[in-house]
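A note on names: the letters A, B, ... follow the listed sequences, proteins ahead of strands, and every chain is numbered from 1. Everything numeric in this text was worked out from a predicted model, so none of it was measured.
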Amino acid sequence: MFTIATWNINSVRLREPLVARLLSEEAPDILCLQEIKSPVEKMPLQGFADLGYRHVVARGQKGYNGVAILSRLPIEDAGDRDYASLGHARHVAARLENGVTIHNFYVPAGGDIPDRAQNEKFGQKLDFLTEMRDAFHADKPQKSIMVGDLNIAPREDDVWSHKQLLKIVSHTPIEVEHLGAAQDAGKWVDITRKDIPSGLLYSWWSYRAKDWDAADKGRRLDHIWATPDIAGAGHGSRILRPVRGWQQPSDHVPVFASFDL
DNA sequence: ATGGTAGATATTCTA
């Protein structure tokens with residue numbers, strides 16, 4: 001059995017102490033980070049290694065984006081892909097010794113206006129998702145887990161108000177459709193929703209709310225999916241809401257799942 | 001309808 005977590009950390013250098021706290025208190029076998037906002041060579045890796053996380057596969061860049069996989073179990077680099085040719089560090093993959101492949105994604109946020117004619121970033125987000133679909137269609141993933149900040153809350157109960165968010169980027173029908181096409185192409189099973197099939201679930205709360213906890217205007221942007229051959233081994237999903245209340249938090253909280261493999 | 005916060009970097013962009 002192993003546990004895997006995904007967390008948009010919004011600067012791994014600033015929040016090194018929070019990452020260390022999560023590793024100490026929750027001890028996932030694998031932690032996938034997004035928005036590390038750092039070149040790989042400037043990541044604070046020594047402290048994580050001292051906690052037992054000696055295996056790292058990462059893609060970084062200065063100031064923006066960046067994804068990393070920290071692991072207590074041996075992993076090998078399984079490559080990356082520049083989806084939508086943005087030149088951004090938004091994907092990396094690693095392989096465990098048991099043959100399971102881990103994909104770590106940071107899908108573009110997409111700007112504020114949900115119209116590709118008025119907002120280039122929204123078009124890039126849709127193109128990124130379309131290329132994910134095509135890649136999963138061309139090369140059907142097997143024994144794979146895919147996690148990350150997908151920047152889309154697909155279900156009505158993944159947002160605080162379905163009606164009020166229908167025209168808000170992250171919950172528009174066209175984004176949900178594009179994400180669904182990528183999911184279908186890989187036959188990916190949403191492990192979080194397999195374990196917790198109904199009810200409101202959020203993994204992100206804006207920094208802009210006066211009182212995020214009281215207002216509770218959250219969205220489920222962070223996901224853990226698995227291919228059908230191993231989805232049955234997935235269980236024990238958790239979203240660690242209290243982490244949003246830690247000192248100087250990320251606006252995202254970690255999402256966990258376990259796999260009996 | 002508007003503006004609200006946060007981080008990296010440079011005085012603006014991205015989220």
Side-chain angles (χ1 to χ4, degrees), chain A residues 6-22 32-45 58-68 82-91 104-116 118-129 147-154 158-161 163-172 174-176 178-179 202-223 241 243-255:
Chain A
T6 179
W7 193 11
N8 177 318
I9 194 61
N10 188 16
S11 174
V12 70
R13 281 186 275 176
L14 187 71
R15 279 184 253 286
E16 176 186 3
L18 278 75
V19 174
R21 180 175 171 187
L22 185 81
C32 297
L33 298 171
Q34 303 86 34
E35 263 202 290
I36 63 173
K37 289 185 171 177
S38 170
V40 174
E41 60 272 20
K42 290 193 174 181
M43 287 181 69
L45 293 178
R59 299 292 186 273
Q61 65 183 91
K62 184 180 169 187
Y64 302 97
N65 311 314
V67 286
D82 180 14
Y83 289 85
S85 304
L86 301 173
H88 297 172
R90 294 181 178 274
H91 168 253
N104 182 13
F105 278 95
Y106 176 46
V107 172
D112 289 332
I113 303 168
D115 176 352
R116 72 187 311 155
Q118 294 179 61
N119 169 20
E120 183 185 34
K121 291 190 192 334
F122 192 73
Q124 291 171 350
K125 181 178 195 175
L126 298 180
D127 292 345
F128 192 105
L129 293 161
V147 309
D149 176 5
L150 305 184
N151 265 313
I152 296 172
D158 289 337
V159 294
W160 65 275
S161 168
K163 193 175 172 185
Q164 286 179 259
L165 290 174
L166 272 171
K167 293 181 179 176
I168 302 298
V169 172
S170 74
H171 192 61
T172 64
I174 189 160
E175 290 169 86
V176 172
H178 277 64
L179 184 66
Y202 311 142
S203 65
W204 172 90
W205 293 261
S206 173
Y207 283 125
R208 297 175 189 177
K210 282 195 176 73
D211 184 339
W212 71 272
D213 194 24
D216 201 20
K217 293 183 173 180
R219 307 177 199 171
R220 187 172 72 104
L221 304 180
D222 303 276
H223 301 267
R241 180 184 176 110
V243 172
R244 186 62 176 77
W246 288 2
Q247 280 284 318
Q248 202 171 30
S250 168
D251 44 355
H252 296 252
V253 299
V255 178

Tell me, do D251(A) and S206(A) make a side-chain contact under 4.5 Å, heavy atoms counted?
-> no

So what does R244(A) hit on the nucleic acid, given a heavy-atom distance under 4.0 Å: a base, only sugar-phosphate, or nothing?
-> nothing

First encountered from the 5' end of DNA chain B, between N8(A) and I36(A) | I36(A)

Listed nucleotide nearest any side-chain atom of N10(A), set dT9(B), dA15(B), dG7(B) | dG7(B)

Presence of Q61(A) side-chain N/O under 4.0 Å of dA8(B) phosphate oxygens OP1/OP2 = no

Taking NZ, NE, NH1 and NH2 as the nitrogens, is one of them in D213(A) or R241(A) under 4.0 Å from a carboxylate oxygen of the other?
-> yes

If you look at every strand shown and take non-hydrogen atoms under 4.0 Å, does K210(A) touch a base, only sugar-phosphate, or nothing?
-> nothing

Out of dA10(B), dA15(B), dC13(B), which has the shortest distance to the side chain of K62(A)?
-> dA10(B)

What about R15(A), does its side chain sit under 3.5 Å from the base of dA6(B) through a donor-acceptor pair?
-> no

What interatomic distance, in whole Å, is found between C1' of dG7(B) and the corresponding atom of dA1(B)?
-> 27 Å

Rounded to whole angstroms, how far apart are NZ on K42(A) and C1' on dG7(B)?
-> 15 Å

Nearest to the side chain of Y207(A) - dA6(B), dA15(B), dA8(B)?
-> dA6(B)

Starting from P on dT2(B), measure out to NZ on K167(A) and report it in whole angstrom.
-> 16 Å

What orientation do H91(A) and Y83(A) show, parallel under 30°, tilted 30 to 60°, or perpendicular over 60°?
-> perpendicular

Taking CG from L33(A) and P from dG7(B), how many angstroms apart are they, rounded to a whole number?
-> 16 Å

Write down the distance between CH2 (W205(A)) and C1' (dG4(B)), rounded to a whole number of angstrom.
-> 19 Å

Check whether any side-chain N or O of S206(A) sits under 4.0 Å from OP1 or OP2 of dT5(B), and answer yes or no.
-> no

How long is the line joining CG of L86(A) and P of dT14(B), in whole Å?
-> 12 Å

Distance, P atom - from dT9(B) to dT5(B), rounded to whole angstrom | 22 Å

Short side-chain donor-acceptor distance under 3.5 Å, W7(A) and D222(A) | no

Within the pair K121(A) and dT14(B), is there a side-chain N or O less than 4.0 Å away from OP1 or OP2?
-> yes

Between dG7(B) atom P and H252(A) atom NE2, what is the distance in whole Å?
-> 13 Å

Between K121(A) and D112(A), is there a salt bridge with N-O shorter than 4.0 Å?
-> no

Grab the CD1-C1' distance between I9(A) and dA15(B) for me, whole Å please.
-> 15 Å

Assign each of A109(A) and V12(A) to its nearest nucleotide of DNA chain B by heavy atoms, then name whichever residue's nucleotide is nearer the 5' end.
-> V12(A)

Using the P atom in both, what is the distance from dT14(B) to dT2(B), to the nearest Å?
-> 22 Å

Can you find a side-chain donor-acceptor pair between S203(A) and R220(A) that sits under 3.5 Å?
-> no

Round to the nearest Å and state the distance from N65(A) atom CG to dG7(B) atom P.
-> 17 Å

